[in-house]
Amino acid sequence: MGDSSAPQGEIGRETNELLHGLAARKHRTKLQILPLVALIFYEVSGGPFGVEDAVQAGGPLLALLGFIIFPFIWSVPEALVTAELATAFPENGGYVLWISAAFGPFWGFQEGWCKWISGVTDNALYPVLFLDYFKLALPVFGHGVFRIIALLVITLSLTFLNYRGLTIVGTTAVVLTIFSLLSFCVLSLLAIPKIRVRRWLVVDFRKTDWRTYLNTLFWNLNYWDSVSTLAGEVDNPSKTFPKALLWAVLLVIVAYVVPLAAGTGALVLDRDKWEDGYFADVGMAVGGIVLKWWIESAAAFSNMGLFEAEMSSDSFQLLGMAETGMLPKIFAIRSKYGTPTLGILFSASGVLLLSWMSFQEIVEFLNFLYCFGMLLEFAAFIWLQMKKPELVRPFRIPVGTVGVILLLLPATVLLIVVMCIASWKTVVITIAVSVLGFITYPALQHAKAKKWMQFLDVDEPKVPEDDDTDPALSLDPVISPNPAISLHPEVGETEIISLTE
């Protein structure tokens, strides 16, 4: 493994660093179902903050119908695909491994490239949105040098929290979920006497902004697959993943629909006011100044949770790509807390570089990239169903190949529609990013062949000779029950499970 021509001392030092990270992974606590549900919730939603644009774009009826129907067209199929493939490939890297198993490492790398850039772009929103809420209390952070300094401080502070370990991030996500959703529980209860059903039925198709409406729905209900990139950090993933995804889907739907119904039903409609942050004004109207402040605080801290969850997925994706030999070995080195140090630094740098873009530009750009990645995922999922029936799937969608195709057909049409309504600016930027990805992969392969950089050697996986060898401390990959990927034996479970166990 590695460059045999390198000095022995250098190889020993890097091996020790890898062993240090792997030992940290062995001794730390893995994610249980509750923190995993919270992380998925923040990967996808974080609460009803940001759904206000759907009301402005389409009115109350379309907004409510969108967040009721859209999850069954998009979120449920994506979550089911994630549950099946994350349990079949329970290692860090997630969808990169799925695409590689189906179409080879070139397309696996392109999937990882597009998804990582999409995720980092998405994460660039959250420090900005945090300050947008915070400036309501302290206007000095609304512009100028103080805003720039605050953006740097927030990004670096949240990055350090992510560096301290996934268990801390998961616990933080649970606390933030409770704090955020409690405010909307209070809002919804106080709004009940003021709700008028006729206000939910308002719609005007002539004034509907379909691009904003669809992009808002899509952005608020995607990224179910992001958590798959840290599957290797989950305790008993074959059972934990499907159940966590089920509870997260239910939580996200309720967290959107109930506050949206309360807000649109309790207040006389003024579509121009329904923009990002308007739920605080709804809180003021139904519950007074205390509820308004609570919602503003919940919105601000929710963006912290969104940032932490997204950075965890992005950084562990890079670690997983390094563990499969797609990226240099340095990306596989973990900190003493078990976190991917270089992956976190790269993700944080991307956030800082992209924070200058406007909200709508970021949403449309990341949606387009995400659509491309999801089309690859759906194609890989169907290909593996047809060509790799022997693949061990601890959780399986119980509808057969034809049923899966029919299940994914509406979601695929939706992906194509979202891509077709994108602006030319978004299309041009996406093409440029894709071309860069096509160039980067062969460039890395050339560097690997010339031994300019060291990569983990995963071409010839082998089982440890001694049965008592702890795979968490081995630098050599282990053969999985699934021939498409190398796994550690403790995650190669084959039990078929039920979501209702």
Side-chain angles (χ1 to χ4, degrees), residues 39-40 42-46 50 74-75 78 81-82 93-99 107-129 214-230 306-321 326-327 343-344 346-380 411 414-416 418-419 421-423 425-438 440-441:
L39 279 175
I40 297 171
Y42 274 109
E43 293 278 10
V44 176
S45 169
W74 172 250
S75 299
E78 187 186 5
V81 169
T82 300
Y95 35 73
V96 175
L97 308 181
W98 313 342
I99 305 301
W107 287 109
F109 181 88
Q110 302 312 317
E111 172 78 0
W113 175 265
C114 288
K115 283 299 191 74
W116 183 77
I117 291 178
S118 175
V120 170
T121 306
D122 181 52
N123 225 13
L125 287 170
Y126 303 128
V128 174
L129 290 175
L214 288 175
N215 273 315
T216 301
L217 289 177
F218 191 70
W219 180 63
N220 280 286
L221 287 165
N222 62 13
Y223 285 93
W224 294 96
D225 61 335
S226 293
V227 75
S228 68
T229 62
L230 44 85
L306 289 161
F307 183 98
E308 292 298 329
E310 184 64 57
M311 178 164 281
S312 295
S313 292
D314 295 342
S315 58
F316 274 98
Q317 178 196 315
L318 296 183
L319 181 142
M321 292 175 73
M326 289 186 183
L327 292 177
I344 289 174
F346 265 66
S347 298
S349 300
V351 167
L352 291 173
L353 288 173
L354 292 167
S355 60
W356 57 270
M357 295 176 68
S358 72
F359 181 84
Q360 286 302 328
E361 284 178 330
I362 288 177
V363 169
E364 188 173 304
F365 173 62
L366 67 88
N367 278 352
F368 196 96
L369 274 178
Y370 192 80
C371 288
F372 173 76
M374 286 310 305
L375 288 173
L376 265 180
E377 284 184 34
F378 287 171
L414 176 65
L415 290 171
I416 295 171
V418 171
M419 295 177 78
I421 64 175
S423 66
K425 180 180 179 180
T426 296
V427 174
V428 170
I429 294 175
T430 303
I431 291 174
V433 168
S434 299
V435 169
L436 189 58
F438 292 155
T440 302
Y441 180 78

Is there a donor-acceptor pair under 3.5 Å between the side chain of [X] and the backbone N or O of [Y]?
| X | Y | answer |
| --- | --- | --- |
| Asp225 | Thr82 | no |
| Glu78 | Asn222 | no |
| Tyr42 | Glu310 | no |
| Ser226 | Ser313 | no |
| Ser118 | Cys114 | no |
| Thr426 | Ala422 | no |
| Trp74 | Leu221 | yes |

Gap separating the [atom1] atom of [X] from the [atom2] atom of [Y], nearest 0.5 angstrom:
| X | Y | atom1 | atom2 | answer |
| --- | --- | --- | --- | --- |
| Asp122 | Trp219 | CG | CH2 | 6.5 Å |
| Ile429 | Ser434 | CD1 | OG | 11.5 Å |
| Met374 | Phe218 | CE | CZ | 7.5 Å |
| Leu436 | Ile117 | CG | CD1 | 6.5 Å |
| Leu375 | Phe378 | CG | CZ | 8.0 Å |
| Leu414 | Leu214 | CG | CG | 7.0 Å |

- Note on the structure: All heavy atoms of Ser315 vs all of Gly343, minimum pair found to be CB-C, 3.6 Å
- Grab the two heavy atoms, one from Ala309 and one from Leu39, that are nearest each other, plus how far apart they are. CB-O, 3.7 Å
- Parallel, tilted or perpendicular: rings of Phe438 and Trp107 (30°, 60°): perpendicular
- Between Trp98 and Tyr95, what is the ring plane arrangement, given parallel below 30°, perpendicular above 60°, and tilted in between?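 Correct class here is perpendicular.
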pair [X]-[Y]: side-chain heavy atoms closer than 4.5 Å:
| X | Y | value |
| --- | --- | --- |
| Leu327 | Phe109 | yes |
| Leu230 | Ser312 | yes |
| Val96 | Ile99 | no |
| Ile40 | Tyr223 | no |

- In plain terms, say whether Lys115 and Asp314 are close enough for a salt bridge, that is, a side-chain N and a carboxylate O under 4.0 Å apart. no
- Message: Looking at Tyr441, I'd like to know if its OH atom is crowded, meaning that more than 12 non-hydrogen atoms belonging to other residues, nucleotides or ligands lie closer than 6.0 Å.
- Response: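 Yes, the 6.0 Å shell around OH holds more than 12 heavy atoms from other groups.
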- Which is it for Val427 and Phe368 under the side chain to side chain contact (heavy atoms under 4.5 Å, CB included) test, yes or no, and what are the steps along the way? CA-CA 8 Å; Val427 174; Phe368 196 96; 4.0 Å; yes
- Does the side chain to side chain contact (heavy atoms under 4.5 Å, CB included) test come out yes or no for Leu318 and Phe346, once each step is laid out? CA-CA 9 Å; Leu318 296 183; Phe346 265 66; 4.2 Å; yes
- Message: Please determine whether side chain to side chain donor-acceptor pair (under 3.5 Å) holds for the pair Ser75 and Trp224, giving the CA-CA distance in whole Å, both sets of side-chain angles, and the decisive distance to 0.1 Å.
- Response: CA-CA 7 Å; Ser75 299; Trp224 294 96; 3.2 Å; yes
